[in-house]
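A quick write-up on the structure given underneath.
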There are 2 protein chains.
Amino acid sequence: MAWKKEQKEQTRQRILESAADLFMLKGFEHVGINEIMTNAKLTRGAFYAHFSSKAELYAESIVTSALAMKDFLNPLHPSAPPFNSLISHYLSSSHMNGTSMRCPLAFLVSDITQQDAQVKAAYTKVFKGFTLYLKQRLEKQDDVEGGNAHSQSLLYAATMIGSLSLARALDDEALALDLLNACQHALES
Amino acid sequence: MAWKKEQKEQTRQRILESAADLFMLKGFEHVGINEIMTNAKLTRGAFYAHFSSKAELYAESIVTSALAMKDFLNPLHPSAPPFNSLISHYLSSSHMNGTSMRCPLAFLVSDITQQDAQVKAAYTKVFKGFTLYLKQRLEKQDDVEGGNAHSQSLLYAATMIGSLSLARALDDEALALDLLNACQHALES
DNA sequence: GTCTATAGAAAGATAGAC
DNA sequence: GTCTATCTTTCTATAGAC
């Protein structure tokens, strides 16, 4: 009977990926369970066999989206991309419009403030993972003294996430690109 | 009949301030017209005598909240507060939890991405005002060469707004305060 | 202009057949 | 486990009396 369990897991994963896509593009409130399930080639009624609520699915989707971003930023290729390349990918126009990657930390930041505890916990977990990753990358650079790497990683995260989320909110594309460029040049060493 | 017009304007202003408060604290989707009107000591039905839609009210509320913040940050007192004081007020824990001021740029940033054109236009207008203000303040500092003041103001805005909105989303208060402090120290000259 | 009442639509969650 | 059907609630927006 092991194959049955695996079949269910695959369906669950399909729902999760459908939800992650939609939530990142439209936020929590503008996506319905009906839409998520249709996008996963299922119907409404099957949803609660996999998740207990929309909020639980949202929390898991945030982690799923973060893992997708990690794969994009830090592929398992033999050579990790240089730090400046990480910054420029994160602050690119393709990230701004969501065509390359979709960082949940930036795409959902003020949305999270309105959500329940499990969602905030998932978001905080992803944020800690992101800043730890930045810290490790910064420690490999020669221009950062060890003791300040934690503070530096928080500063980098705030500037990266802040500029990207702002750029997405503005209706003036030239200004949005100015903003991304100004932050990119400031963060590149 | 001038007094009648003034009476209506006062009522409209009361709705606007009720809405600004609620929208900043709970976001667009989690506030209903009923709640806004009750908070303004009126009932649902009177709303559409003042605004044509919830979205229109939202757009105006963003500007109203920005003006309230401006009064808080830049009072008309004879001496303007020093720049470092501006930064530390903006990145304070009382701003994080919304008890002192409520910057719509930070409180609503990812919410705006999902809204219609008039809302994005209002948000962008406020952002331009904010960065212009920062630019003027930076130009008075002696450590910024004139040509870079625009880029510098964008960088400051991204880091301030990014760290504040992030701090509000995290469920780990110690980390949130670390984040605000790291950004404050980096931005203070 | 403000009120009560309600239209009309959408969405989260559940029930029961297969 | 997935389906169709539905319960229940909530919300924007409108109608009509005063």
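Computed from a predicted structure; not experimentally measured. Every chain is numbered from 1, with letters handed out A, B, ... down the list of sequences.
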Exercise. Does CD belonging to B:E188 count more than 12 external heavy atoms closer than 6.0 Å?
Worked result: yes
Exercise. Which atoms form the tightest heavy-atom contact between B:Y123 and B:P104, and what is the distance?
Worked result: CE1-O, 3.7 Å
Exercise. Rounding to a whole Å, what distance do you find between A:F47:CZ and C:dT14:C1'?
Worked result: 13 Å
For this session: Please list residues of residues 22-32 of chain A whose heavy atoms come under 4.0 Å from any atom in DNA chain C, ordered by number; otherwise none.
Result: A:V31, A:G32
Problem set entry | CG-CE distance between A:D111 and A:M24, expressed to the nearest 0.5 angstrom | 9.0 Å
For this session: For side-chain contact (heavy atoms from CB on, under 4.5 Å), just list the numbers for B:L134 and B:L86, CA-CA rounded to whole Å, side-chain angles, deciding distance to a tenth of an Å, and then say yes or no.
Result: CA-CA 10 Å; B:L134 288 177; B:L86 168 84; 4.0 Å; yes
Problem set entry | Polar side chain donor-acceptor pair, B:N39 to B:E35, under 3.5 angstrom | no
Exercise. Judged by modelled atom types alone, do B:T124 and A:D171 share a side-chain donor-acceptor pair under 3.5 Å?
Worked result: yes
Seminar exercise, completed: Residues of residues 51-60 of chain B with a heavy atom under 4.0 Å from any atom of DNA chain D, listed by number, are B:S53, B:K54
For this session: Determine, for A:E60 against A:R12, whether the closest basic-nitrogen to carboxylate-oxygen distance falls under 4.0 angstrom.
Result: yes
Problem set entry | Atom-to-atom span, CD of A:E35 to P of C:dA9 - whole angstrom | 19 Å
Problem set entry | Nearest-angstrom distance from the residue atom CD1 of B:I33 to C1' of D:dT12 | 6 Å
For this session: Could you state the atom-to-atom distance from OH of A:Y48 to P of D:dC7 in whole Å?
Result: 17 Å
Exercise. Are A:S153 and A:T131 linked by a side-chain donor-acceptor pair shorter than 3.5 Å?
Worked result: no
Problem set entry | Contact letters for nucleotides 1-8 of chain C, in which S counts primed atoms plus P, OP1 and OP2 and B counts the base, heavy atoms under 4.0 Å | SSBB-B--
Exercise. With sequence neighbours excluded, what pairs up with A:Y48 under the side-chain contact (heavy atoms from CB on, under 4.5 Å) test?
Worked result: A:I33
Exercise. Is it true that atom CD of B:E29 has more than 12 heavy atoms of other residues, nucleotides or ligands lying nearer than 6.0 Å?
Worked result: yes
Exercise. Between B:T159 and A:T159, is any side-chain donor less than 3.5 angstrom from a side-chain acceptor?
Worked result: yes
Exercise. Does A:K135 pair with A:E139 as a salt bridge, N-O distance under 4.0 Å?
Worked result: yes
For this session: If a pair satisfies ring-ring contact (aromatic ring centres under 6.0 Å, His included) and one of its residues is in residues 93-116 of chain B, list it, with sequence neighbours excluded.
Result: B:Y90-B:H95, B:H95-B:F107
Problem set entry | Interface residues of residues 108-123 of chain A with DNA chain C (non-hydrogen, below 4.0 angstrom) | none
